[in-house]
Amino acid sequence: MLVGAGAVGARAARQLTDTAGIDRILVVERRRTHAEVVVAAMGSRAEILEWDADSPVPEDVDAVACALPAGCEQPIASRAVEAGVPFASSGDDENDLMGLRSLTEPARRSEVAIVAGCGLAPGLADVLARHAADAFDEVDEIGIARAGTAGDACVATATRALRDRPAEMRDGIYEESRRRGHELVWFPEPIGARECERVATGLHLLSGAVPDAERITVRLARDETGARQRWLRRRDPEGSWGAVRIEVWGRRGAAREPIVYGVIERTAIAAGTVLGVTTAALAGALPGLLAPSAGVFGLGAIAQPRAFLAELSRRGVKAAIFEGVPVV
Amino acid sequence: MRALRRGLIVLGVALIAGGLMKLRGKGGVPPTSGGWRELEGPEFR
(Lines give C-alpha, C1' and ligand atoms only; values in the text may rest on other atoms or scores of the structure.)
Protein backbone atom coordinates (compact mmCIF):
# COMPACT_ATOMS: atom_id res chain seq x y z
CA MET A 1 0.00 0.00 0.00
CA LEU A 2 1.45 3.35 -1.06
CA VAL A 3 0.13 6.42 0.75
CA GLY A 4 0.84 9.62 -1.17
CA ALA A 5 1.41 9.79 -4.91
CA GLY A 6 3.18 13.12 -5.24
CA ALA A 7 6.64 13.69 -6.69
CA VAL A 8 8.31 10.94 -4.61
CA GLY A 9 5.30 8.62 -4.25
CA ALA A 10 4.72 8.40 -8.01
CA ARG A 11 8.36 7.38 -8.53
CA ALA A 12 8.12 4.83 -5.71
CA ALA A 13 5.01 3.40 -7.41
CA ARG A 14 6.99 3.00 -10.63
CA GLN A 15 9.76 1.14 -8.81
CA LEU A 16 7.27 -1.13 -7.05
CA THR A 17 5.55 -1.87 -10.35
CA ASP A 18 8.91 -2.79 -11.87
CA THR A 19 9.64 -5.28 -9.07
CA ALA A 20 8.90 -8.94 -9.68
CA GLY A 21 7.03 -10.36 -6.71
CA ILE A 22 4.88 -7.28 -6.12
CA ASP A 23 1.40 -8.45 -7.13
CA ARG A 24 -0.67 -5.39 -6.41
CA ILE A 25 -0.13 -1.76 -5.43
CA LEU A 26 -2.89 0.06 -3.59
CA VAL A 27 -2.47 3.80 -4.11
CA VAL A 28 -3.96 6.09 -1.47
CA GLU A 29 -4.04 9.72 -2.58
CA ARG A 30 -6.57 12.37 -1.55
CA ARG A 31 -6.24 14.22 -4.91
CA ARG A 32 -8.45 11.90 -6.94
CA THR A 33 -7.39 13.02 -10.43
CA HIS A 34 -3.75 12.84 -9.41
CA ALA A 35 -4.24 9.29 -8.15
CA GLU A 36 -5.98 8.32 -11.39
CA VAL A 37 -3.08 9.61 -13.49
CA VAL A 38 -0.51 7.70 -11.42
CA VAL A 39 -2.51 4.46 -11.37
CA ALA A 40 -3.17 4.67 -15.12
CA ALA A 41 0.57 5.02 -15.74
CA MET A 42 1.37 1.97 -13.58
CA GLY A 43 -0.82 -0.51 -15.47
CA SER A 44 -3.11 -3.24 -14.23
CA ARG A 45 -1.24 -4.03 -10.99
CA ALA A 46 -2.02 -0.62 -9.44
CA GLU A 47 -5.40 0.47 -8.14
CA ILE A 48 -6.81 3.35 -6.13
CA LEU A 49 -7.78 2.70 -2.52
CA GLU A 50 -10.01 5.01 -0.49
CA TRP A 51 -8.37 4.89 2.93
CA ASP A 52 -7.44 7.18 5.78
CA ALA A 53 -5.41 6.80 8.94
CA ASP A 54 -8.56 6.33 11.07
CA SER A 55 -9.15 2.97 9.38
CA PRO A 56 -7.20 -0.24 9.90
CA VAL A 57 -4.72 -1.32 7.22
CA PRO A 58 -6.44 -3.75 4.79
CA GLU A 59 -5.76 -7.39 5.60
CA ASP A 60 -3.85 -8.49 2.51
CA VAL A 61 -1.27 -5.66 2.63
CA ASP A 62 2.36 -6.82 3.02
CA ALA A 63 4.03 -3.42 3.49
CA VAL A 64 3.06 0.25 3.75
CA ALA A 65 5.03 3.02 2.01
CA CYS A 66 4.39 6.62 2.94
CA ALA A 67 5.37 9.64 0.83
CA LEU A 68 3.31 12.41 2.40
CA PRO A 69 4.09 15.99 3.44
CA ALA A 70 5.34 16.64 6.97
CA GLY A 71 2.99 15.93 9.85
CA CYS A 72 1.15 12.92 8.37
CA GLU A 73 3.41 9.92 8.96
CA GLN A 74 2.94 8.86 12.56
CA PRO A 75 -0.80 7.94 12.47
CA ILE A 76 -0.24 5.83 9.35
CA ALA A 77 2.79 4.12 10.89
CA SER A 78 0.70 3.41 14.01
CA ARG A 79 -1.99 1.69 11.89
CA ALA A 80 0.72 -0.38 10.19
CA VAL A 81 2.19 -1.43 13.54
CA GLU A 82 -1.27 -2.37 14.84
CA ALA A 83 -1.78 -4.53 11.75
CA GLY A 84 1.69 -6.09 12.11
CA VAL A 85 2.72 -4.70 8.71
CA PRO A 86 6.18 -3.16 8.07
CA PHE A 87 6.30 0.52 7.20
CA ALA A 88 8.68 2.77 5.26
CA SER A 89 8.51 6.51 4.74
CA SER A 90 10.48 9.06 2.79
CA GLY A 91 9.83 12.08 5.03
CA ASP A 92 12.71 14.10 6.41
CA ASP A 93 10.89 16.35 8.84
CA GLU A 94 12.66 16.05 12.21
CA ASN A 95 9.37 16.14 14.17
CA ASP A 96 8.00 13.31 12.03
CA LEU A 97 11.19 11.31 12.51
CA MET A 98 10.88 11.84 16.26
CA GLY A 99 7.24 10.70 16.10
CA LEU A 100 8.25 7.53 14.29
CA ARG A 101 11.01 6.84 16.83
CA SER A 102 8.37 7.00 19.56
CA LEU A 103 6.83 3.86 18.04
CA THR A 104 9.91 1.76 18.82
CA GLU A 105 8.34 -0.28 21.62
CA PRO A 106 5.00 -0.97 19.85
CA ALA A 107 6.93 -1.97 16.71
CA ARG A 108 9.11 -4.38 18.70
CA ARG A 109 6.05 -5.88 20.37
CA SER A 110 4.37 -6.33 16.97
CA GLU A 111 7.66 -7.64 15.54
CA VAL A 112 7.60 -5.28 12.59
CA ALA A 113 10.18 -2.90 11.15
CA ILE A 114 9.52 0.79 10.68
CA VAL A 115 12.12 2.30 8.37
CA ALA A 116 12.22 6.08 8.65
CA GLY A 117 13.87 8.52 6.28
CA CYS A 118 13.95 6.48 3.06
CA GLY A 119 14.95 9.27 0.70
CA LEU A 120 18.15 10.80 -0.56
CA ALA A 121 19.31 12.18 2.83
CA PRO A 122 18.29 10.81 5.22
CA GLY A 123 18.19 7.52 3.34
CA LEU A 124 20.71 6.66 0.66
CA ALA A 125 23.27 8.96 2.31
CA ASP A 126 23.00 6.90 5.52
CA VAL A 127 23.61 3.66 3.61
CA LEU A 128 26.71 5.16 1.99
CA ALA A 129 27.94 6.53 5.33
CA ARG A 130 27.62 3.08 6.86
CA HIS A 131 29.34 1.54 3.81
CA ALA A 132 32.25 3.96 4.22
CA ALA A 133 32.38 3.44 7.98
CA ASP A 134 32.63 -0.34 7.46
CA ALA A 135 35.95 0.25 5.69
CA PHE A 136 37.57 1.82 8.78
CA ASP A 137 38.82 0.40 12.06
CA GLU A 138 37.58 3.56 13.82
CA VAL A 139 35.26 6.30 12.57
CA ASP A 140 36.11 9.86 13.57
CA GLU A 141 33.67 12.00 11.72
CA ILE A 142 30.76 11.80 9.29
CA GLY A 143 29.62 14.83 7.34
CA ILE A 144 26.60 14.61 5.08
CA ALA A 145 25.44 17.37 2.77
CA ARG A 146 22.38 17.45 0.52
CA ALA A 147 21.35 19.77 -2.26
CA GLY A 148 17.98 19.57 -3.96
CA THR A 149 14.35 19.00 -3.07
CA ALA A 150 11.73 16.75 -4.63
CA GLY A 151 8.45 18.68 -4.57
CA ASP A 152 6.70 21.60 -2.88
CA ALA A 153 6.22 19.65 0.38
CA CYS A 154 9.92 18.76 0.42
CA VAL A 155 10.87 22.42 -0.13
CA ALA A 156 8.71 23.43 2.86
CA THR A 157 10.36 20.80 5.07
CA ALA A 158 13.86 21.86 4.01
CA THR A 159 13.05 25.54 4.63
CA ARG A 160 11.83 24.65 8.13
CA ALA A 161 14.96 22.59 8.82
CA LEU A 162 17.14 25.55 7.83
CA ARG A 163 15.14 27.86 10.11
CA ASP A 164 15.31 25.53 13.13
CA ARG A 165 18.32 25.33 15.42
CA PRO A 166 21.17 23.27 13.97
CA ALA A 167 22.71 20.40 15.90
CA GLU A 168 25.36 17.74 15.70
CA MET A 169 26.08 14.40 17.35
CA ARG A 170 29.21 14.19 19.51
CA ASP A 171 30.06 10.76 20.88
CA GLY A 172 26.42 9.76 20.47
CA ILE A 173 25.09 12.83 22.28
CA TYR A 174 22.79 15.27 20.48
CA GLU A 175 24.09 18.83 20.90
CA GLU A 176 22.30 21.90 19.62
CA SER A 177 24.58 24.58 18.27
CA ARG A 178 24.43 28.14 17.03
CA ARG A 179 23.90 28.91 13.38
CA ARG A 180 27.35 29.54 11.95
CA GLY A 181 26.63 30.77 8.45
CA HIS A 182 27.11 28.79 5.31
CA GLU A 183 29.92 26.61 4.07
CA LEU A 184 30.78 25.67 0.51
CA VAL A 185 30.33 21.98 -0.28
CA TRP A 186 31.49 20.39 -3.53
CA PHE A 187 28.87 18.04 -4.95
CA PRO A 188 29.31 16.04 -8.14
CA GLU A 189 28.55 17.99 -11.33
CA PRO A 190 26.19 19.41 -12.54
CA ILE A 191 25.38 20.60 -9.01
CA GLY A 192 29.00 21.57 -8.22
CA ALA A 193 29.75 23.92 -5.33
CA ARG A 194 26.78 24.96 -3.20
CA GLU A 195 26.52 26.93 0.01
CA CYS A 196 25.17 24.69 2.75
CA GLU A 197 24.07 25.27 6.31
CA ARG A 198 24.03 22.92 9.26
CA VAL A 199 20.71 21.30 10.17
CA ALA A 200 19.53 18.76 12.72
CA THR A 201 17.71 16.57 10.17
CA GLY A 202 18.35 12.85 10.43
CA LEU A 203 21.16 13.00 13.00
CA HIS A 204 19.58 10.38 15.26
CA LEU A 205 19.01 8.00 12.34
CA LEU A 206 22.61 8.33 11.21
CA SER A 207 23.89 7.88 14.75
CA GLY A 208 21.88 4.66 14.94
CA ALA A 209 23.58 3.44 11.75
CA VAL A 210 27.13 4.33 12.86
CA PRO A 211 26.92 4.51 16.66
CA ASP A 212 30.68 4.70 17.25
CA ALA A 213 31.23 7.82 15.11
CA GLU A 214 32.73 10.59 17.25
CA ARG A 215 31.07 13.43 15.38
CA ILE A 216 28.19 13.59 12.90
CA THR A 217 27.00 16.69 11.05
CA VAL A 218 24.35 17.22 8.37
CA ARG A 219 24.24 20.18 5.99
CA LEU A 220 21.58 21.32 3.60
CA ALA A 221 21.78 23.66 0.62
CA ARG A 222 19.21 26.44 0.66
CA ASP A 223 16.95 26.17 -2.39
CA GLU A 224 15.44 29.20 -4.01
CA THR A 225 11.79 29.23 -2.98
CA GLY A 226 10.47 32.06 -5.14
CA ALA A 227 7.46 31.81 -7.42
CA ARG A 228 9.68 31.49 -10.49
CA GLN A 229 11.54 28.51 -9.04
CA ARG A 230 8.24 26.89 -8.04
CA TRP A 231 6.92 27.36 -11.55
CA LEU A 232 10.09 25.94 -13.11
CA ARG A 233 9.99 22.92 -10.76
CA ARG A 234 6.37 22.14 -11.63
CA ARG A 235 7.03 22.59 -15.36
CA ASP A 236 9.82 20.00 -15.39
CA PRO A 237 8.25 16.53 -15.42
CA GLU A 238 11.52 14.92 -14.34
CA GLY A 239 11.95 17.21 -11.34
CA SER A 240 15.02 19.16 -10.32
CA TRP A 241 18.51 17.76 -9.80
CA GLY A 242 19.66 16.83 -6.35
CA ALA A 243 22.90 15.53 -4.87
CA VAL A 244 24.36 14.20 -1.68
CA ARG A 245 27.96 14.19 -0.52
CA ILE A 246 29.05 11.85 2.23
CA GLU A 247 32.46 12.47 3.79
CA VAL A 248 33.65 9.98 6.37
CA TRP A 249 36.97 10.32 8.19
CA GLY A 250 38.38 7.34 10.01
CA ARG A 251 41.45 5.32 10.86
CA ARG A 252 42.81 2.27 9.10
CA GLY A 253 45.77 1.14 11.17
CA ALA A 254 47.77 4.28 12.00
CA ALA A 255 46.55 6.32 9.03
CA ARG A 256 43.69 8.79 9.26
CA GLU A 257 41.98 9.23 5.91
CA PRO A 258 38.68 10.18 4.32
CA ILE A 259 36.25 8.37 2.06
CA VAL A 260 34.02 10.69 0.05
CA TYR A 261 30.94 9.34 -1.72
CA GLY A 262 28.51 11.30 -3.83
CA VAL A 263 25.25 10.77 -5.67
CA ILE A 264 23.72 12.93 -8.35
CA GLU A 265 20.20 12.25 -9.57
CA ARG A 266 16.82 13.89 -10.01
CA THR A 267 15.82 14.30 -6.37
CA ALA A 268 12.32 12.81 -6.70
CA ILE A 269 13.59 9.85 -8.74
CA ALA A 270 16.35 9.04 -6.23
CA ALA A 271 14.04 9.37 -3.22
CA GLY A 272 11.25 7.42 -4.92
CA THR A 273 13.65 4.64 -5.91
CA VAL A 274 15.00 4.36 -2.38
CA LEU A 275 11.47 4.27 -0.95
CA GLY A 276 10.26 1.78 -3.56
CA VAL A 277 13.20 -0.58 -3.10
CA THR A 278 12.92 -0.44 0.71
CA THR A 279 9.20 -1.14 0.60
CA ALA A 280 9.66 -4.01 -1.85
CA ALA A 281 12.31 -5.46 0.46
CA LEU A 282 10.03 -5.11 3.48
CA ALA A 283 7.28 -6.87 1.53
CA GLY A 284 9.66 -9.78 0.90
CA ALA A 285 10.05 -9.18 -2.85
CA LEU A 286 13.77 -8.29 -2.62
CA PRO A 287 15.34 -10.66 -0.10
CA GLY A 288 18.79 -9.91 1.31
CA LEU A 289 18.57 -6.12 1.12
CA LEU A 290 17.49 -5.47 4.70
CA ALA A 291 18.53 -7.16 7.92
CA PRO A 292 15.51 -8.80 9.53
CA SER A 293 14.71 -6.66 12.56
CA ALA A 294 11.84 -5.31 14.63
CA GLY A 295 11.69 -1.70 15.82
CA VAL A 296 12.28 1.73 14.29
CA PHE A 297 15.38 2.24 12.16
CA GLY A 298 17.02 4.59 9.75
CA LEU A 299 17.89 3.04 6.43
CA GLY A 300 21.60 2.99 7.26
CA ALA A 301 20.97 0.79 10.29
CA ILE A 302 18.89 -1.86 8.56
CA ALA A 303 20.11 -1.96 4.93
CA GLN A 304 22.84 -4.33 3.79
CA PRO A 305 24.96 -1.67 2.05
CA ARG A 306 26.42 -3.67 -0.85
CA ALA A 307 23.19 -5.45 -1.76
CA PHE A 308 21.19 -2.23 -1.42
CA LEU A 309 23.64 -0.22 -3.54
CA ALA A 310 23.66 -2.98 -6.15
CA GLU A 311 19.86 -2.92 -6.39
CA LEU A 312 19.80 0.88 -6.70
CA SER A 313 22.55 0.77 -9.30
CA ARG A 314 20.54 -1.78 -11.31
CA ARG A 315 17.66 0.71 -11.26
CA GLY A 316 19.84 3.60 -12.41
CA VAL A 317 20.62 5.36 -9.12
CA LYS A 318 24.40 5.18 -8.95
CA ALA A 319 26.85 6.39 -6.35
CA ALA A 320 30.37 7.67 -7.00
CA ILE A 321 33.56 8.00 -4.99
CA PHE A 322 35.80 11.05 -5.02
CA GLU A 323 39.35 10.15 -5.86
CA GLY A 324 42.00 12.82 -5.47
CA VAL A 325 43.17 15.36 -2.95
CA PRO A 326 41.22 15.00 0.30
CA VAL A 327 38.98 17.96 1.02
CA VAL A 328 39.82 19.21 4.49
CA MET B 1 34.16 62.74 25.06
CA ARG B 2 36.32 62.47 21.95
CA ALA B 3 37.88 59.23 23.21
CA LEU B 4 34.40 57.79 23.80
CA ARG B 5 33.33 58.75 20.27
CA ARG B 6 36.46 57.17 18.80
CA GLY B 7 35.88 54.07 20.85
CA LEU B 8 32.30 53.80 19.56
CA ILE B 9 33.45 54.25 15.96
CA VAL B 10 36.09 51.53 16.37
CA LEU B 11 33.49 49.23 17.95
CA GLY B 12 31.03 49.92 15.11
CA VAL B 13 33.64 49.18 12.43
CA ALA B 14 34.61 45.97 14.23
CA LEU B 15 30.98 44.85 14.43
CA ILE B 16 30.37 45.56 10.72
CA ALA B 17 33.56 43.70 9.75
CA GLY B 18 32.63 40.78 12.00
CA GLY B 19 29.10 40.68 10.58
CA LEU B 20 30.40 40.66 7.01
CA MET B 21 32.78 37.81 7.81
CA LYS B 22 29.94 35.84 9.41
CA LEU B 23 27.68 36.46 6.42
CA ARG B 24 30.39 35.37 4.02
CA GLY B 25 30.67 32.11 5.91
CA LYS B 26 33.53 29.66 5.93
CA GLY B 27 34.50 28.79 2.40
CA GLY B 28 35.44 25.16 1.99
CA VAL B 29 38.63 24.14 0.24
CA PRO B 30 38.04 23.19 -3.38
CA PRO B 31 39.25 19.79 -4.50
CA THR B 32 42.23 20.87 -6.58
CA SER B 33 42.76 17.55 -8.31
CA GLY B 34 40.94 14.29 -8.75
CA GLY B 35 37.41 13.51 -9.72
CA TRP B 36 34.38 11.30 -9.24
CA ARG B 37 34.43 7.63 -10.23
CA GLU B 38 31.25 5.59 -10.38
CA LEU B 39 31.08 2.80 -7.79
CA GLU B 40 30.87 -0.66 -9.26
CA GLY B 41 29.93 -4.02 -7.81
CA PRO B 42 30.40 -6.35 -6.20
CA GLU B 43 32.30 -4.32 -3.58
CA PHE B 44 31.00 -0.82 -4.46
CA ARG B 45 34.28 0.68 -3.23
Applying a criterion of heavy atom separation less than 4.5 Å, what residues of residues 305-312 of chain A form contacts with chain B?
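At a heavy-atom separation under 4.5 Å, chain B is reached by Arg306(A), Leu309(A), Ala310(A).
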
With a 4.5 angstrom heavy-atom cut-off, is it the side chain or the backbone of Ala193(A) that approaches chain B, or both, or neither?
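Contact with chain B: none, neither part.
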
Measure distances from Ile264(A) to the heavy atoms of chain B and classify the residue's part below 4.5 Å as side chain, backbone, both or neither.
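Neither the backbone nor the side chain of Ile264(A) comes within 4.5 Å of chain B.
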
Identify which part of Glu40(B) has an atom lying under 4.5 Å from any heavy atom of chain A, answering side chain, backbone, both or neither.
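Nothing of Glu40(B), per the 4.5 Å heavy-atom cut-off to chain A.
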
Residue pair [X] / [Y]: nearest heavy atoms and the distance that separates them:
| X | Y | result |
| --- | --- | --- |
| Ala303(A) | Leu290(A) | CA-CD2, 3.8 Å |
| Ala145(A) | Phe187(A) | O-CE2, 3.3 Å |
| Ala270(A) | Leu120(A) | CB-CD1, 3.7 Å |

Parallel under 30°, tilted from 30 to 60°, perpendicular over 60°: which one fits the rings of Phe322(A) and Trp36(B)?
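Perpendicular: the ring planes of Phe322(A) and Trp36(B) meet at over 60°.
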
Using the side chain to side chain contact (heavy atoms under 4.5 Å, CB included) rule, pick out the option among Arg179(A), Glu175(A), Arg178(A) that qualifies with Pro166(A).
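Exactly one pass, corresponding to Arg179(A).
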
Just jot down the side chain to side chain contact (heavy atoms under 4.5 Å, CB included) partners of Arg215(A), sequence neighbours excluded, or say none.
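Only Glu141(A), Glu168(A), Arg170(A), Arg198(A), Thr217(A) meet the side chain to side chain contact (heavy atoms under 4.5 Å, CB included) criterion with Arg215(A).
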
Does Leu275(A) offer a backbone N or O that forms a donor-acceptor pair with the side chain of Thr279(A) under 3.5 Å?
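Such a contact is found between Thr279(A) side chain and Leu275(A) backbone.
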
